[in-house]
Protein chains: 2
Amino acid sequence: MGTRKQIVDAANRLFYQQGYERTSFASIAEAVGISRGNFYYHFKTKDEILEAVLQARLGDTRAMLAGWTEAAATPLERVFRFVDIVVTNRGDIELYGCPVGTLTSELAKLGHPSRAQAVGIFGVFRDWLGEQFKELGHSANADDLALQVLAFSQGVATLSNAFGDRDYVERDVRRLKTRLMSLDT
Amino acid sequence: MGTRKQIVDAANRLFYQQGYERTSFASIAEAVGISRGNFYYHFKTKDEILEAVLQARLGDTRAMLAGWTEAAATPLERVFRFVDIVVTNRGDIELYGCPVGTLTSELAKLGHPSRAQAVGIFGVFRDWLGEQFKELGHSANADDLALQVLAFSQGVATLSNAFGDRDYVERDVRRLKTRLMSLDT
DNA sequence: GTCTATATAGAGATAGAC
DNA sequence: GTCTATCTCTATATAGAC
């Protein structure tokens, strides 16, 4: 694997685990196993790494959703895959929260120019969820339903990170699924 | 107003607007109008300021909830006051997110020892909401309902911060209130 | 492409005068 | 209680050898 991609991968993980502001070039370089000097051959500024990380996340997200679109037969099953994230990734979420929500929030506080790109990842989920609800026959309020499901995931992720209450997370996931099933008529 | 309180107030605001990690002693000192040197007469470390800020927030939260308990006649009205926060404070939330959720998440990523105290603020809301649901006659699942309302507020706050869609926020608040009203029998 | 060495700025933190 | 001056550490970033 190329050094550049290794840097982006390490930065991606560290930005998630420690936050963007906290993560230093030194720690990324150490994680990759290169010197700080070599680092600057690949990226001139910290902002450049962030942009590359956001591009990578955007691509990963699109690929994941495309995979779900193919693997799951019905739109409701696809939405369930999304909802299940908070259970599937509970370990990481308990420790570091939602990768999209926490980064978006941090960049908002920093007034960072790449904030819009981070919000764009939310947008990809939002659009994809909206598509599923359209296919379910809820064209009129597809986007509204998408936002509700997105908000659910963010709320549960934040509480999961705060309290680490797995029973609650599973209860709420089950509850949302039941509500969503009533949309499938 | 005493210098110490001024420092705590300024730090409280800056931690919210910029994040804990980003906020420097210099910027707090500048906001208060004192020198960095004087700063250390009142607080020896940055962690000490954070602890004071968390204590202040805990006190403010308890006072606010006590006020609501007194001002609103029914438990459902009290819960509505809480739910309305995302509308009342929409300006700040669009810019900086929820003060409790974003700080808790940041401290989790930093592995900060005061994380538990920040989660404690969530706990105060959780307990208070649980009390209201008990009074509403839902003792069996009062805490579960409290967590659902808390998760709602966090989800809406995160999306409000990301998209700034006030129509959605008002829609979702109205929706939750309708659901909650069906609990009042 | 990768390294070591270094420049520069800002952070947290201390000492001591007033 | 407040100030200036200073220490130390770490951060981003650059220069130049290999």
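These numbers come from a predicted model, not from an experiment. Lettering follows sequence order; numbering is per chain, from 1.
The distance from atom NZ of K44(B) to atom C1' of dA15(C) is 15 Å, rounded to the nearest whole Å. Separating the OH atom of Y40(B) from the P atom of dG12(C) is a distance of 6 Å, rounded to the nearest angstrom. Per the geometry, CD1 belonging to I7(A) stands 15 Å off C1' belonging to dT12(D), to the nearest Å. When the P atom of dG10(C) is taken as reference, atom NZ of K46(B) falls 16 Å away, rounded to whole Å. To the nearest angstrom, C1' of dT4(D) lies 17 Å from CZ of F39(B). I28(A) has its CD1 atom 11 Å from the P atom of dA11(D), to the nearest Å. As a whole-Å value, the separation of E48(A) CD from dA13(D) C1' is 12 Å. One interatomic measurement links the two molecules: CZ of R36(B) to P of dA5(D), which rounds to 11 Å at whole-angstrom precision.
Under a cut-off of 6.0 angstrom, the local environment of CZ in R175(B) is crowded, with over 12 non-hydrogen atoms contributed by other residues, nucleotides or ligands. Within a 6.0 Å sphere centred on CD of E30(B), heavy atoms belonging to other residues, nucleotides or ligands number 12 at most. By the neighbour-count criterion of 12 heavy atoms within 6.0 Å, atom NZ of K44(B) is sparsely surrounded, having that number or fewer from other residues, nucleotides or ligands.
In this structure, F163(A) has its ring center at least 6.0 angstrom away from the ring center of Y168(A). Between Y40(B) and F25(B), the gap from one ring centroid to the other is short of 6.0 Å.
Minimum atom distance to the side chain of H42(B) is reached by dT2(D), of the listed dT2(D), dG12(C), dT12(D). Side-chain proximity of F25(A) to the nucleotides dT4(D), dA11(D), dA13(D) is greatest for dA13(D). Of the candidate nucleotides dC3(D), dT2(C), dA13(C), dT2(C) has the atom nearest to the side chain of Y41(A). When distances run from any side-chain atom of T3(A) to the nucleotides dT4(D), dA13(C), dT2(C), the shortest one goes to dT2(C). Considering only side-chain atoms of N38(B), the nucleotide from dG1(C), dC3(D), dA11(D) that sits closest is dC3(D).
Distances shorter than 4.0 Å separate some side-chain N or O of S24(B) from OP1 or OP2 on dA11(C).
No engagement by S27(A) is indicated, since no non-hydrogen atom pair under 4.0 Å with the nucleic acid exists.
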